[in-house]
Amino acid sequence: GAGVSQTPSNKVTEKGKYVELRCDPISGHTALYWYRQSLGQGPEFLIYFQGTGAADDSGLPNDRFFAVRPEGSVSTLKIQRTERGDSAVYLCASSLGLAGGFGYNEQFFGPGTRLTVL
Amino acid sequence: LAKTTQPISMDSYEGQEVNITCSHNNIATNDYITWYQQFPSQGPRFIIQGYKTKVTNEVASLFIPADRKSSTLSLPRVSLSDTAVYYCLVGDPGTGGFKTIFGAGTRLFVKA
């Protein structure tokens, strides 16, 4: 079956511009995560959705970052007034999200979007 | 959130067993321990998860002592293709998900 997909695979933008990154999770997965990863570092948690609502957005670095998941499936990460420090690979993951389950939180990752801010 | 500590890097040779230990002294009662593997230019991939004692699947084994303050990922007979970064995470999946903190991981380099 189809895995998690992310578009675009690469995005180059100029400082100050607005960008949107899209994530299509595995069908039926209620939990969706966004991370960003800089070279040589582990993925940094940004936000986690359970259904349509953000269950934990404590990883968003500032108010320039915002994410939505209006219908509980596709999610969009939005970055306003991009800065050079936002350059990174943005990863999306989804999981079944069933409560109380051993192993239910296995996350399936997409290939990522490489964002470069010039 | 429980913090994890792992070695930064490890070297091994093909055919050897590799054990990567992770410390999580502040693990909470409801936390599970999960390990992921990441190859360059790819997203992490789930390897194994456990709560206590030993868990084994077709890829690896996970050993967790009674106090659960550490865990050891065991990769039997590694090959060159096991060269990757390995992450240890702890969290409570009881609500269907959790804020996932990856840390820097352990870079395993397998040599011929």
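Protein chains get the first letters and strands the later ones, always in sequence-line order, with residue 1 at the start of each.
Judged by the 6.0 Å distance and 45° axis criteria, B:Lys111 is positioned over the aromatic ring of B:Tyr13. Geometrically, B:Arg68 engages B:Tyr51 in a cation-pi contact, judged by NZ or CZ lying under 6.0 Å from the ring centre and within 45° of the ring axis.
Interface remark: B:Thr34 contributes side-chain atoms only to the contact with chain A (heavy atom separation under 4.5 Å). Neither the backbone nor the side chain of A:Glu44 comes within less than 4.5 Å of any heavy atom of chain B. Contact annotation for A:Tyr35: only side-chain heavy atoms (C-beta onward) come within less than 4.5 Å of a heavy atom of chain B.
Between B:Glu14 and B:Arg77 there is no salt bridge, since no side-chain N of the basic residue sits under 4.0 Å from a carboxylate O of the acidic one.
Contact count versus chain B (heavy atoms, under 4.5 Å) is highest, among A:Gln41, A:Gln37, A:Arg114, for A:Gln37. The residue among B:Gly105, B:Ala104, B:Gly43, B:Ser41 with the most heavy atom pairs within less than 4.5 Å of chain A is B:Gly43.
A:Thr52 contributes no side-chain N or O that, together with a main-chain N or O of A:Pro70, makes up a donor-acceptor pair within less than 3.5 Å.
Residue B:Tyr86 holds its OH atom at 13.5 Å from OG of B:Ser9, rounded to the nearest 0.5 Å.
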